[in-house]
Amino acid sequence: MTTALSAKGNVLHDLLSDMGRVVVAYSGGVDSTFLMACAHEALGGKALAITAVSPSLPARARLEATALADGRGWEHRLVRTQEVSREEYARNSGDRCYWCKTELYQVIAPIAEAREAAMLVGTNLDDLSDIRPGNRAARERGVRAPLVEAGLTKAEVRTLSRAMALPTADKPAGPCLASRFAYGVRVTEDGLRRIDEAEEYLRSLGFEELRVRDHGDLARIEVPSALVEQAAARAADIAARLKDFGWRYVTLDLEGFRSGSLNEVLPPPRIGGREEGS
């Protein structure tokens with residue numbers, strides 16, 4: 001680890017210590033796990049991890065987040081969010097993430113207020129150049145992003161996570177299930193459930209990094225480019241199983257896995273204090 005990175009880690013520790021009490025939006029992913037680990041190190045029981053449970057959270061993710069928090073001795077609470085019942089979210093336009101985060105922070109805010117704690121989110125420096133309308137919801141509600149404040153990139157978060165022996169250090173990105181829906185395809189509880197089940201089925205075949213993209217009647221499968229041929233060899237089985245879930249057509253994306261591929265239809269993000277995207 002470089003001296004510069006160690007210095008950033010120290011800055012983060014000091015930021016968290018100065019906050020006194022914090023509530024961390026914790027999904028069990030790389031960034032929120034690292035942030036919660038640092039908060040716990042700096043503040044002990046004055047740091048609370050909160051995981052939002054809804055149909056958009058994969059069942060596996062909830063179990064993994066809970067097991068990790070229990071294993072590290074963190075104070076952890078599960079809360080229910082109802083973003084799927086919001087029309088602004090369910091209609092699935094480009095600002096869906098804004099409404100998801102709005103729901104999340106509205107649920108977390110009373111808990112944070114009761115504890116006189118700051119609300120924190122695991123946004124890192126790289127996220128500011130990505131299409132993330134949820135960042136606007138955080139700014140509007142005074143949610144702080146200590147990883148950004150400390151100048152930490154995703155790669156640096158992974159490096160520091162390894163130094164802390166966090167099991168998430170090399171974990172693939174795992175955005176919410178709603179991110180699998182093509183914009184304009186309505187997000188429903190049944191739709192979220194079938195994506196979760198379809199991705200679990202593909203994992204059972206040995207594909208760990210993958211996405212099942214929902215284009216209405218069509219399911220588009222993304223696996224790493226090196227594994228496209230392996231997936232194609234199982235085409236008949238995969239197509240039959242996904243049709244059982246309700247899709248009429250099943251395709252394999254020849255370009256391979258691309259995080260955020262559905263955002264390719266959106267305008268590029270604007271940064272520098274302006275909106276990241278919509």
Side-chain angles (χ1 to χ4, degrees), residues 1 3-53 57 62 64-81 98 100-128 132 134-154 156-169 273 276:
M1 187 188 304
T3 302
L5 183 52
S6 294
K8 288 184 180 182
N10 291 334
V11 169
L12 177 61
H13 185 276
D14 291 345
L15 283 169
L16 294 168
S17 296
D18 290 344
M19 291 179 196
R21 293 179 180 273
V22 300
V23 169
V24 178
Y26 165 68
S27 66
V30 178
D31 299 315
S32 66
T33 296
F34 172 67
L35 177 58
M36 183 57 203
C38 292
H40 181 75
E41 185 177 84
L43 299 169
K46 296 178 181 178
L48 170 65
I50 292 186
T51 301
V53 178
L57 179 71
R62 176 178 60 80
E64 290 178 348
T66 299
L68 178 55
D70 289 347
R72 306 286 295 199
W74 300 338
E75 185 177 355
H76 181 222
R77 191 179 304 180
L78 301 176
V79 297
R80 292 280 175 182
T81 54
Y98 170 81
C100 177
K101 296 303 184 186
T102 294
E103 171 75 12
L104 172 65
Y105 300 140
Q106 286 179 350
V107 170
I108 292 179
I111 300 171
E113 290 170 6
R115 296 172 65 94
E116 298 183 340
M119 288 193 293
L120 308 184
V121 67
T123 303
N124 66 63
L125 200 60
D126 294 332
D127 293 333
L128 300 186
R132 293 179 182 259
N135 290 346
R136 175 162 60 96
R139 289 198 302 270
E140 290 174 352
R141 288 155 184 83
V143 179
R144 293 181 64 174
L147 304 185
V148 172
E149 295 179 38
L152 289 165
T153 66
K154 186 75 166 192
E156 290 172 332
V157 169
R158 290 189 184 277
T159 297
L160 291 170
S161 294
R162 290 187 198 100
M164 297 179 74
L166 293 173
T168 50
E276 297 85 7

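Annotation: side-chain hydrogen bond (donor to acceptor under 3.5 Å, both in side chains) contacts of S161 (sequence neighbours excluded): none. Evaluation of the side-chain hydrogen bond (donor to acceptor under 3.5 Å, both in side chains) rule for T168 yields no partner, not counting sequence neighbours.
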Donor-acceptor pairs under 3.5 angstrom involving side-chain atoms of residues 69-80: please list them, not counting sequence neighbours.
unit_1: E75; atom_1: OE1; unit_2: R115; atom_2: NH2; d: 3.4
unit_1: E75; atom_1: OE2; unit_2: R115; atom_2: NH1; d: 3.2
unit_1: H76; atom_1: NE2; unit_2: T51; atom_2: OG1; d: 2.7

Anything under 3.5 Å between a donor and an acceptor, one on a side chain of residues 142-150, the other on a protein residue two or more places apart or in another chain? List them.
unit_1: R144; atom_1: NE; unit_2: E149; atom_2: OE2; d: 3.1
unit_1: R144; atom_1: NH2; unit_2: E149; atom_2: OE1; d: 2.7

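Remark: the backbone N or O of A65 is paired with a side-chain donor or acceptor of Y26 at under 3.5 angstrom.
Listed by first and then second residue, the salt bridge (Lys or Arg N to Asp or Glu O under 4.0 Å) pairs involving residues 3-31 are K8-E156, D31-K154 (not counting sequence neighbours). Within the structure, no pair that satisfies the side chain to side chain donor-acceptor pair (under 3.5 Å) test touches residues 33-50, not counting sequence neighbours.
The closest side-chain heavy-atom distance from N124 to L152 is not below 4.5 Å. Residues L16 and L35 form a side-chain contact, since some pair of their non-hydrogen atoms from C-beta on lies under 4.5 Å apart.
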> Which is it for M164 and L160 under the side-chain contact (heavy atoms from CB on, under 4.5 Å) test, yes or no, and what are the steps along the way?
Replying inline: CA-CA 6 Å; M164 297 179 74; L160 291 170; 5.6 Å; no
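Screening V24, V22, L120, L68 for a side chain to side chain contact (heavy atoms under 4.5 Å, CB included) involving M36 leaves a single residue, V24. Each of K101, Q106, R136 was checked for a side chain to side chain contact (heavy atoms under 4.5 Å, CB included) with R141, and the lone residue meeting it is Q106.
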